Protein chains: 2
Amino acid sequence: MPVAGRPTSKDVAQEAGVSQSTVSLVLGGKWSGRVSPATARSVRTAAERLGYRPNQAARNLRLGTTRTVLLMVPTLTAPFFGPVYTGAARVAARHGFGVVVSTWPDGADGPAESPFPAPHEAIDGVLASSMPAVALDRFHGTPAVLLDSGPDADVPTVDFGVAAGMRAIAAHLAGLGHRRFGHVAAGVDQWTFHARAEALAAEVAALGGTLERSACAIDVASARDAAQRLLARPDPPTALVCDDDLIAAGAYKAARALGLDVPGEVSVTGFDDVLLATALEPELTTVRLPAEEMGAQGMTALLELLDGGRPAPRVLPGRLVVRGSSAPPRAPL
Amino acid sequence: MPVAGRPTSKDVAQEAGVSQSTVSLVLGGKWSGRVSPATARSVRTAAERLGYRPNQAARNLRLGTTRTVLLMVPTLTAPFFGPVYTGAARVAARHGFGVVVSTWPDGADGPAESPFPAPHEAIDGVLASSMPAVALDRFHGTPAVLLDSGPDADVPTVDFGVAAGMRAIAAHLAGLGHRRFGHVAAGVDQWTFHARAEALAAEVAALGGTLERSACAIDVASARDAAQRLLARPDPPTALVCDDDLIAAGAYKAARALGLDVPGEVSVTGFDDVLLATALEPELTTVRLPAEEMGAQGMTALLELLDGGRPAPRVLPGRLVVRGSSAPPRAPL
DNA sequence: CTGAAAGCGCTTACAG
DNA sequence: CTGAAAGCGCTTACAG
């Protein structure tokens with residue numbers, strides 16, 4: 001018997017000849033010992049025949065939950081955040097959660113731009129990536145996990161081992177014989193870049209090398225200029241350590257503009273290991289960060305938190321990937 | 001008077017000394033002529049004092065709507081989809097809609113992987129990008145708009161003018177003097193790549209040139225091999241037309257492996273104009289596709305559809321961006 | 001083993 | 001101009 005509009009549990013009940021509560025019990029998987037197997041079967045059959053799908057809004061209203069979490073990122077146009085989302089959504093789906101995305105602070109949504117309540121008012125938790133802790137203020141009290149934002153927060157955190165990654169880069173270059181380092185640094189006020197700068201400075205000092213620093217925005221042209229400033233010094237670095245792969249692409253350009261061969265005359269390293277790293281020529285020595293794993297671990301921590309747990313801070317190690325952009329320095333003339 | 005838990009419209013009513021329906025009327029903006037301005041003001045004050053936010057689940061249940069649309073994309077790790085999302089979310093937010101993302105067919109969610117109802121069961125509409133029309137089957141009847149999937153669908157569409165873009169590439173190269181073309185083609189069964197191939201073939205034929213085609217996956221290594229096959233022919237092309245920027249990066253590698261200078265000995269063009277295009281050396285001649293605009297226009301069309309309209313198909317023109325990777329062919333020896 | 005009933009928090013006729 | 005009431009579709013005590 002066809003039903004007008006989308007079928008409800010009441011329609012299924014009528015079709016199966018049982019009460020609506022029985023339908024709910026069976027389809028909710030809470031029937032064993034309470035409903036006879038035969039009845040359960042007939043409910044399932046009826047539900048299938050009618051193409052019944054439970055109404056989420058009613059379920060949410062009744063349970064006071066939305067099974068939706070918000071992933072907040074600074075931008076979706078950087079290659080880093082796609083994988084983070086993918087990992088988070090994978091874990092979320094396994095637990096019946098959906099993930100909505102918003103960008104902040106330049107976000108597409110939010111009360112400032114819209115007269116409507118922002119969609120993220122209806123969420124159970126927040127996953128915020130690459131943000132200062134104050135970004136969580138607007139969610140007063142909503143369970144939250146911070147990703148890639150540093151371990152010093154009063155919510156659970158998941159971070160990359162960027163300090164160890166930078167040390168691995170420096171050790172690799174030092175092993176090749178480099179002593180004069182240039183740091184083409186992202187001039188961006190995020191924990192990860194502060195941590196990278198600090199670790200590099202400490203490691204170079206420990207190795208007895210010298211380090212000059214030049215800051216830039218995270219774009220190719222700005223990185224090229226910053227790298228050029230370093231290479232134009234009287235006693236230029238033999239290795240340019242770049243804060244990410246895109247910046248490294250700018251360093252390549254600076255080297256080429258000055259007629260310097262990479263890696264013959266100057267070594268260049270990146271960080272992140274995005275697609276770009278192997279698209280460049282020579283391919284880039286860099287540190288691979290498990291972005292998708294960060295999304296997955298972050299969601300796992302958030303679900304633990306929603307479950308009443310106290311997930312411990314996690315640190316995901318990066319891995320040095322040596323490719324063609326690093327080599328021993330040219331012997332002094 | 002503090003209220004336990006999150007305040008409801010009933011709490012606001014009590015605080016303001018009015019009925020709950022009056023609160024709903026005022027806060028829903030439907031009060032003019034029905035509630036006195038003074039009462040309205042006191043309701044607003046009470047709501048603010050209590051930090052009241054309407055419960056979306058209740059609202060959705062009552063209205064039978066979710067104000068949520070699903071953006072379905074093949075993958076989130078390609079650089080194209082971040083901007084599409086951003087544009088869609090911007091327009092959606094202006095109309096009080098949220099956007100959830102899912103990937104298909106390799107999706108993180110969906111009934112196959114999860115015993116729970118997929119979150120996207122609770123949506124008002126679907127925006128599907130770079131998909132065959134059959135991808136919409138599982139949403140039987142949900143209003144949908146197809147992006148970047150070709151104009152031949154029985155739902156509204158938004159596409160790029162890829163044919164015109166390819167013609168512009170071919171005309172540009174022909175203007176430089178090229179006659180022997182190689183097409184490093186994405187061997188991916190998507191409308192956009194079929195359209196690119198067809199347009200290029202037609203234009204080269206019209207110009208009286210020759211065209212060889214070599215297919216590859218959309219990754220650097222596969223593209224390099226495909227380009228190498230073309231360049232190894234007895235009478236190799238003087239220009240490699242690549243189906244996207246990443247493929248062009250592979251073509252650069254093939255040229256370098258054979259000791260061929262770009263653009264001195266072989267010209268290379270891309271498509272899309274992603275970040276990579278200016279990270280390469282030389283910078284890539286390509287066609288810029290307005291991805292964010294596609295997201296925005298798609299959402300506009302979907303909202304129109306939800307409003308009962310019949311949005312016309314839209315085509316967003318690309319723009320040829322000439323950079324350093326294209327030059328006149330080397331004079332025959 | 002099964003069903004009648006309450007109630008989640010809204011919006012919107014309907015009655016005054 | 002304002003309020004009492006119905007009802008959206010669920011889940012879950014509660015009663016039998």
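The shown structure was predicted, so the numbers you read here are calculated from the model rather than taken from an experiment. So you know, we letter chains A, B, ... as the sequences are listed, proteins then strands, and number each from 1.
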Taking 4.0 Å as the cut-off, does a side-chain nitrogen or oxygen of [X] come that near to OP1 or OP2 on [N]?
X     : N      : result
A/K30 : D/dT11 : no
A/T8  : D/dG9  : no
A/S24 : D/dT11 : yes

Closest to side chain of [X], choosing from [options]:
X     : options                : answer
B/S21 : C/dC10, C/dT12, D/dC10 : C/dT12
B/T22 : D/dG3, D/dG9, C/dT12   : D/dG3
A/L61 : C/dC8, C/dC10, D/dT11  : C/dC8
B/V35 : C/dG3, D/dA5, D/dT2    : D/dT2

Checklist entry - Hey, is CG on B/D137 packed in by over 12 heavy atoms from elsewhere, all under 6.0 Å? => result yes
Whole-Å distance between [N] [atom2] and [X] [atom1]?
X     : N      : atom1 : atom2 : value
A/R34 : D/dC14 : CZ    : P     : 12 Å
A/Q20 : D/dT11 : CD    : C1'   : 8 Å
A/R6  : D/dC8  : CZ    : P     : 15 Å
A/W31 : C/dC1  : CH2   : P     : 9 Å
A/N60 : D/dC10 : CG    : C1'   : 10 Å
A/D11 : D/dC10 : CG    : C1'   : 13 Å
A/L27 : D/dT12 : CG    : P     : 13 Å
B/K10 : D/dA5  : NZ    : C1'   : 13 Å

Next on the checklist: Heavy-atom nearest nucleotide on DNA chain D for B/S36 versus B/R62: which residue maps closer to 5'?
Outcome noted: B/S36
Checklist outcome for this item: Contacts of A/L63 and B/L25 projected onto DNA chain D by closest heavy atom; the upstream (5') one is B/L25
Checklist outcome for this item: Applying the 3.5 Å cut-off to both distances, the Watson-Crick or G-U partner of C/dA4 turns out to be none
Next on the checklist: Between A/V18 and B/N55, which residue's closest nucleotide on DNA chain C lies nearer the 5′ terminus?
Outcome noted: A/V18
Item to check | Contact summary for A/L136 and A/V126, nearest pair of heavy atoms | outcome: CD2-CG1, 4.1 Å
Next on the checklist: Using side chain to side chain donor-acceptor pair (under 3.5 Å), reason through B/T66 and B/N60 one step at a time and then give a plain yes or no.
Outcome noted: CA-CA 5 Å; B/T66 60; B/N60 294 343; 5.8 Å; no
Checklist entry - Do the side chains of A/F160 and A/V315 get nearer than 4.5 Å, heavy atoms only? => result no
Checklist entry - Is there a side-chain contact (heavy atoms from CB on, under 4.5 Å) between A/T39 and A/T22 once you walk through the steps? => result CA-CA 9 Å; A/T39 305; A/T22 300; 4.0 Å; yes
